[in-house]
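Step one of this worksheet: look at the structure below.
All figures in this text were calculated on a predicted structure; none of them were measured in a lab. Atom set for the values below is all heavy atoms of this structure, side chains included, hydrogens, waters and symmetry mates excluded. Just so you know, residue 1 is the first one in the sequence shown, and it goes up from there.
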Amino acid sequence: MSDDPNAIPGKILVGANNDGVYSYLTLSVGNRHGLIAGATGGGKTVTLQRLAEGFSNAGTAVFLADVKGDLAGLSQPGEARQAFVDRALEIGLAYAPDRFPVVFWDLFGEQGHPVRATISEMGPLLLARLLELNDVQEGVLNVAFRVADEQGLLLLDLEDLRAILTYVADNAAGLKTKYGNVAPATVGAIQRQLLVLDAQGAKKFFGEPALDIGDFLRVDRDGRGVINILAADRLMRSPRLYATFLLWLLSELFEQLPEVGDLDKPKLVFFFDEAHLLFDDAPKALLSAIEQVVRLIRSKGVGVYFVTQNPLDVPDSVLGQLGNRVQHALRAFTPRDQKAVRAAAETFRQNPAFDTAEAIMQLSVGEALVSMLDAKGKPEMVDRVLIAPPSARVGPITPEERAAALAASPLRGKYDTPIDRESAFEVLQQRAEGHLRSAGAGPARPGEQTTQASAGGGIIGTLGGVVGGLFKRENPKRMSTGELAMRSAVQSAARSIGTQIAKEVLRGVLGGISR
């Protein structure tokens, strides 16, 4: 054995077999992606933490989702638990507690810096999946994005998306020849899905200031890569939002990072816990996008590591690209479990010393089958390995410890205050108000009641008075989408001098209110 197995240049110590032979992850192929799989309680979290610490020590930034709150302990020194001390001695190491540079993130802004993205950055494909839209609804969403682009309307938050959908519905007749039919019922279905998304807390995710990807690539003053931990315990209650966010983040990295080829070590490594959520019920087009990003992002210096219970959770097209593998125990109680064991065993380069499928079912806690790529990118023979203990704390942290970490964060204050600049919502609102003025309604002075005479008289004046009362509010700066739709109806009525048409519009407006 080496005097210091942890100090081998260009390698991360994973563990050792019973003969004292060490297993390493080679940093130069760390961007060839990987898989950590195994049943609950087998030790996946400890393996993930061990690799994250190794990448950080090498100067590689890390992103990981903390599903159960256990990984927050990376920010605190380890504890000399007897099991860790014994394991370290068993494989010829001296247990040395350590802590790592950590930045906490949270889509809801409660347990870390807020993470935001704009509607435009998310794009219609991911949004359609997030909203669970069918093909027709996704087509209408694409029309809304195209109209916004052509008219220079910024789509930043959910209010902007609602406003542009309302605009598309109101102008469906004029858009039909260019984009095809846009049914109001389809727009209504999308709007209802937006309400569901809003109820899940997505309103806090969409907006500005948007995440600067460069903030995920930081190193501390000692040259260690910063470990970015996303608080995902609450986020897991909205699995579609969780999966869509991770896919968006991966896509943003792919688009923004330059081509660098193969480096001595990755620039950034992702660990996607509960990886099956990325693929469950995903449409074929989205699976193709995932496969493409995973295949090509390697040349950007980014490694992606999926963490899941069952290797079958990952599609074959993606699984074939995961070169560095750690397989913890699987239990073959059902036919699907037996199939998973066989599938996992067949993906390894076989070791004549043992039967791989049997070994997978016999592994103890903290033990795994490990097969990493060598420096030339070829898979090494699978080995049965005792995983080395992490140096930082394994487990959650207290609210006081989290607050102290946030207070000392180098990003403190950058994302904490939301920004609301002029975008599609405000522009469309101003247009509606401009049409009202051009129709003769004119802006009312503060505190002035709109009368039938000042509004133009007749049924149009009555309609203007009714809607004026509806829109009276203490803070008139921003109007809701429903109010915007009603003003759009007033605009149409104002253009029509015929009394009967105005009456029909009035009935429609009042009928919409009563529903």
Quick check on side-chain contact (heavy atoms from CB on, under 4.5 Å): which of Ile229, Val394, Ile397 does Leu74 satisfy it with? Ile229

Less than 4.5 Å apart, side chain to side chain, heavy atoms only: is that true for Leu127 and Phe145? yes

Output all residues satisfying side chain to side chain contact (heavy atoms under 4.5 Å, CB included) with Asp86, sequence neighbours left out; order by chain, then residue number. Gln82

Counting C-beta onward and ignoring hydrogens, is there a side-chain heavy-atom pair between Phe104 and Ser409 closer than 4.5 Å? no

Stepwise, does the side-chain contact (heavy atoms from CB on, under 4.5 Å) test hold for Thr308 with Leu35? CA-CA 8 Å; Thr308 190; Leu35 175 71; 4.1 Å; yes

Considering residues at least two apart in sequence or located in another chain, which fulfil the side chain to side chain contact (heavy atoms under 4.5 Å, CB included) criterion with Lys265? Leu27, Thr60

Is a donor from one side chain sitting under 3.5 angstrom from an acceptor on the other, for Gln309 and Thr40? yes

Just wondering, are more than 12 heavy atoms of other shown residues or ligands nearer than 6.0 Å to NZ in Lys414? yes

By salt bridge (Lys or Arg N to Asp or Glu O under 4.0 Å), Glu121 pairs with (sequence neighbours left out) none

What residue among Val382, Ile12, Val14, Thr26 forms side-chain contact (heavy atoms from CB on, under 4.5 Å) with Met372? Val14

State the CG-CG distance between Asp273 and Leu71, to the nearest 0.5 angstrom. 7.0 Å

Does atom CZ of Arg412 have more than 12 heavy-atom neighbours from other groups under 6.0 Å away? no

Near Asp316 CG, under 6.0 Å, is it more than 12 heavy atoms from other residues, nucleotides or ligands? no

Would you say that Asn351 contacts Asp383 through its side chain, given a criterion of any heavy-atom pair below 4.5 Å between the two side chains? yes

Pair Gln111, Asp66: side-chain N/O donor-acceptor within cut-off below 3.5 Å: no

Taking side chain as C-beta onward, heavy atoms only, is Ser23 less than 4.5 Å from Val385? yes

Report the residues that fulfil salt bridge (Lys or Arg N to Asp or Glu O under 4.0 Å) with Arg342, sequence neighbours left out, ordered by chain and then residue number. none

Do Leu107 and Leu230 come close enough that some side-chain heavy atom pair is under 4.5 Å? yes

side-chain contact (heavy atoms from CB on, under 4.5 Å) between Thr356 and Gln350, intermediate numbers included: CA-CA 7 Å; Thr356 305; Gln350 300 301 305; 2.6 Å; yes

Test: salt bridge (Lys or Arg N to Asp or Glu O under 4.0 Å). Region: residues 101-114. Which pairs qualify, not counting sequence neighbours? Glu110-Arg234

If you look only at distance, which donor and acceptor atoms sit under 3.5 Å apart when one is on a side chain in residues 243-252 and the other is two or more places apart or in another chain?
from	atom 1	to	atom 2	distance (Å)
Thr244	OG1	Arg240	O	2.7
Ser251	OG	Leu247	O	2.9
Glu252	OE1	Gln256	NE2	2.9

Taking side chain to side chain contact (heavy atoms under 4.5 Å, CB included) as the definition, give me every residue that meets it alongside Ala359, ordered by chain and number, with sequence neighbours left out. Phe354, Leu369, Arg384

Which value, rounded to the nearest 0.5 Å, describes the distance between Leu277 atom CG and Leu241 atom CG? 11.5 Å

Heavy-atom side-chain proximity of Lys267 to Pro258 below 4.5 angstrom: yes

Nearest heavy-atom neighbours spanning Ile164 and Leu161: CG2-O, 3.2 Å

State, with a plain yes or no, whether a side-chain heavy atom of Asn134 is found less than 4.5 Å away from one of Gln137. yes

Could you tell me which non-hydrogen atom of Asp220 sits nearest to which non-hydrogen atom of Pro101, and how far apart they are? OD2-CG, 3.5 Å

Who pairs with Lys11 by salt bridge (Lys or Arg N to Asp or Glu O under 4.0 Å), at least two apart in sequence or on another chain? none

Could you check whether atom CG of Asp222 has more than 12 heavy atoms from other residues, nucleotides or ligands sitting under 6.0 Å from it? yes

Pairwise distance OG(Ser299) to CD(Glu259) - rounded to 0.5 angstrom: 3.5 Å

Out of the candidates Asn228, Leu257, Asp212, only one should pair with Leu217 under the side-chain contact (heavy atoms from CB on, under 4.5 Å) rule; please name it. Leu257

Candidate pair Met361 and Val341, rule side-chain contact (heavy atoms from CB on, under 4.5 Å), full reasoning: CA-CA 8 Å; Met361 295 183 288; Val341 170; 4.1 Å; yes

On the 0 to 90° scale, with breaks at 30° and 60°, tag the Trp105-Phe216 ring pair as parallel, tilted or perpendicular. perpendicular

Using the test side chain to side chain contact (heavy atoms under 4.5 Å, CB included), find all partners of Glu400 that sit at least two apart in sequence or belong to another chain. Thr398

Once side-chain hydrogen bond (donor to acceptor under 3.5 Å, both in side chains) is applied, what residue pairs with a partner in residues 192-206 remain, sequence neighbours excluded? Arg162-Asp198

CG/Asp374: more than 12 non-hydrogen atoms of other groups inside 6.0 Å: yes

Flag yes if more than 12 heavy atoms outside Arg146 fall under 6.0 Å of its CZ atom; otherwise flag no. no

Report the distance from atom CG of Leu319 to atom CD of Glu291, rounding to the nearest 0.5 Å. 11.5 Å

Between Leu411 and Arg218, is there a side-chain heavy-atom distance shorter than 4.5 Å? yes

With under 30° as parallel and over 60° as perpendicular, where do the rings of Phe270 and Phe63 fit, or are they tilted in between? tilted

In short, salt bridge (Lys or Arg N to Asp or Glu O under 4.0 Å) pairs touching residues 92-105 with sequence neighbours left out are Asp98-Arg224

Asp416 to Pro114 - nearest heavy-atom pair and separation: OD1-CD, 3.5 Å

With distance as the sole test, does His328 use its side chain to make a donor-acceptor pair with the main-chain N or O of Ala368 at under 3.5 Å? no

If the threshold is 4.0 Å, N to carboxylate O, is there a salt bridge linking Arg421 and Asp160? no

Pairs touching residues 69-81 that satisfy side-chain hydrogen bond (donor to acceptor under 3.5 Å, both in side chains), sequence neighbours left out: none

For a side-chain contact (heavy atoms from CB on, under 4.5 Å) check, start with the C-alpha distance between Leu194 and Leu131, then their side-chain angles and the critical distance, and finish with the verdict. CA-CA 7 Å; Leu194 287 176; Leu131 296 171; 3.8 Å; yes

Could you tell me which non-hydrogen atom of Ala232 sits nearest to which non-hydrogen atom of Tyr242, and how far apart they are? CB-CE1, 4.2 Å

List the atom of Ala210, the atom of Ala117, and the distance in Å for their closest heavy-atom pair. CB-CA, 4.4 Å

Are the side chain of Arg87 and the backbone N or O of Ile387 linked by a donor-acceptor pair below 3.5 Å? yes

Separation of Leu211 CG from Phe205 CZ (nearest 0.5 Å): 8.5 Å

So, for Lys44 and Ala37, which heavy atoms are closest and what is the spacing to 0.1 Å? CD-C, 3.7 Å

